[in-house]
Amino acid sequence: MKKNPKAWPVKTIPVEQAVGTVLAHDMTQVIPGKYKGPAFKKGHEITSGDLCRLMQMGKNNLYVLDLKTGQVHEDEAVMELASALAGPGVTFSGTPSEGKLELRAAYPGLFKVNVSVLEDFNMLPDVMCASIHTHTAVTKHQSLAATRAIPLVIRRSDLDQAVLLAKEHFPIFSVTLFLPLKIRLIITGDEVYKGLVQDRFQAIVKEKVTRLGGSLEESVILPDHRDRISRQIHEFLKKDTDLIITTGGMSVDPDDVTKEAIEDSGFEQIHYSSAVLPGAMFLLGYHGRTTIMGLPACGLYHRTTIFDLILPRVMAGETPGARDLARLGHGGLCLNCKTCRYPACSFGKPG
């Protein structure tokens with residue numbers, strides 16, 4: 001909440017002496033039945049052409065800013081704050097609105113937030129910044145965060161403290177470009193291989209990876225045969241493959257052998273299970289520069305799963321590990337809403 005104007009560094013002057021001064025607050029004009037709104041915005045510099053309109057509005061005196069040494073107007077302050085907060089892939093306009101500046105994505109990618117430093121920033125006096133969640137897949141021009149100085153006029157020392165903190169931990173906000181990964185898909189299941197059930201996984205996977213700029217280079221359907229699945233993974237590793245995705249066969253049923261086939265194929269790091277529902281029986285592994293994901297069958301029946309939380313991070317060049325999969329437990333429960341609102345919901349967003 002703004003402080004009372006009487007606490008600001010302002011002075012009252014007759015309107016006829018106001019040319020060249022800066023308004024300390026918005027000035028509302030009311031035309032009955034036609035208009036009610038700001039005739040002049042806070043921070044507006046009064047010109048000789050404004051005097052007639054001000055008098056018509058019945059303004060005999062004005063509050064104008066009377067800044068002292070060491071004081072900074074909120075519009076100037078927010079420009080410094082935004083400049084310090086915005087890292088690679090983050091832009092902002094040069095025109096504050098009501099003392100606020102919005103930070104936006106310069107290109108599609110993965111939004112990253114230094115959460116602990118953002119909290120420290122918001123502990124400082126007379127500044128604030130609010131953002132969307134870290135690890136969010138964002139589109140070009142999407143709103144990421146907004147910042148402002150709280151009072152109309154902030155002390156230079158408080159502003160400098162906030163700017164220094166942001167610069168020392170640069171970047172607090174950034175957007176990592178998605179990589180054009182080459183992806184190959186193995187669909188497993190005797191019922192699909194024999195044509196008893198029509199596959200639906202390929203369309204789901206293709207839509208999600210292409211949306212982030214990846215390309216589905218190849219797709220094969222295999223029976224629940226451990227050696228055949230393992231050999232196919234080896235074949236994909238010989239090619240220019242950034243990400244291998246397998247679907248099905250991740251449960252504990254005797255016929256579910258995809259997990260064992262992945263383990264046989266030589267991946268040095270394998271993380272099986274995640275603290276996410278749907279998606280508990282998810283597998284994530286690494287071999288050289290190639291990532292592998294084992295998607296459980298829940299991906300067929302739920303619009304949003306663990307796949308949607310990890311895929312953007314892999315597409316941005318990250319290598320999430322066991323701790324990352326465990327950390328998703330806070331916020332990892334999908335509420336299965338009748339109308340899915342993801343990503344405008346709590347799913348996959350730890351505090």
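Note that these values count all heavy atoms, side chains included, but never hydrogens, waters or copies made by symmetry.
Between Phe282 and Phe307, the gap from one ring centroid to the other reaches at least 6.0 Å.
Summarising the local packing, OH of Tyr35 is surrounded by more than 12 heavy atoms from other residues, nucleotides or ligands at distances under 6.0 Å. Residue-environment remark: NZ (Lys208) exceeds the threshold of 12 foreign heavy atoms within 6.0 Å. Glu119 CD: 12 or fewer foreign heavy atoms inside a 6.0 Å radius. Annotation: Lys167, atom NZ; neighbour count of heavy atoms from other residues, nucleotides and ligands within 6.0 Å does not exceed 12. Crowding of Glu207 atom CD: a count of heavy atoms from other residues, nucleotides or ligands under 6.0 Å exceeding 12. Shown here is Arg289, whose CZ atom has more than 12 heavy atoms of other residues, nucleotides or ligands within 6.0 Å.
The closest side-chain donor-acceptor pair between Asp50 and Thr47 falls under 3.5 angstrom. Between the side chains of Arg184 and Thr241, at least one donor-acceptor pair of N or O atoms lies under 3.5 Å.
Salt-bridge annotation for Glu235 and Lys239: absent, with no side-chain N of the basic residue lying under 4.0 Å from a carboxylate O of the acidic one. Taking 4.0 Å as the cut-off between side-chain N and carboxylate O, Lys100 and Glu102 do not count as a salt-bridged pair. Ion pair Arg226/Glu260 not flagged as a salt bridge, since none of the NZ, NE, NH1 or NH2 atoms sits closer than 4.0 Å to an Asp/Glu carboxylate oxygen.
Judged by distance alone, with hydrogens and angles left aside, the side-chain atoms of Asp158 form no donor-acceptor pair with the main-chain N or O of Ile154 at under 3.5 Å. In this structure, Asp242 contributes its side chain and Lys182 its backbone to a donor-acceptor pair below 3.5 Å. Of the possible donor and acceptor atoms, one in the side chain of Arg341 sits under 3.5 Å from a partner among the backbone N and O of Ala344. A donor-acceptor contact shorter than 3.5 Å is absent between the side chain of Thr147 and the backbone of Cys129. The backbone N or O of Met250 lies less than 3.5 Å from a partner atom in the side chain of Tyr272, making a donor-acceptor pair. In this structure, the side chain of Tyr107 engages the main chain of Val175 through a donor-acceptor pair within 3.5 Å. Checked by atom type and distance alone, the side chain of Ser174 never pairs as donor or acceptor with a backbone atom of Pro171 at under 3.5 Å.
The side-chain contact (heavy atoms from CB on, under 4.5 Å) search around Ala280 returns Leu277, not counting sequence neighbours. The ring pair (Phe, Tyr, Trp, His ring centres under 6.0 Å) check on Phe201 picks up nothing, with sequence neighbours excluded. Under the ring pair (Phe, Tyr, Trp, His ring centres under 6.0 Å) criterion, Phe40 pairs with His44, not counting sequence neighbours. For Phe267, the ring pair (Phe, Tyr, Trp, His ring centres under 6.0 Å) criterion is met by His287, not counting sequence neighbours. Residues meeting the ring pair (Phe, Tyr, Trp, His ring centres under 6.0 Å) test with Phe236, sequence neighbours left out: none.
Between Ser265 and Leu237, the shortest heavy-atom distance links the atoms O-CD1, 4.2 Å. In this structure, Phe173 and Ser131 approach most closely via the heavy-atom pair CE2-CB, 3.7 Å. Here the closest heavy-atom approach between residue Ala105 and residue Leu144 is recorded as N-CD1, 3.5 Å. Asp264 approaches His234 most closely through the heavy-atom pair O-NE2, 4.2 Å. Pro312 approaches Leu212 most closely through the heavy-atom pair CA-CD1, 3.9 Å.
The side-chain contact (heavy atoms from CB on, under 4.5 Å) with Pro108 is formed by just one residue from the set Arg211, Lys140, Gln142, His141; it is Lys140.
The list of side chain to side chain donor-acceptor pair (under 3.5 Å) pairs with a residue in residues 78-94, not counting sequence neighbours, reads Glu80-Arg156.
When side chains are defined from C-beta on, Leu110 counts as touching Arg313, because their heavy atoms get closer than 4.5 Å.
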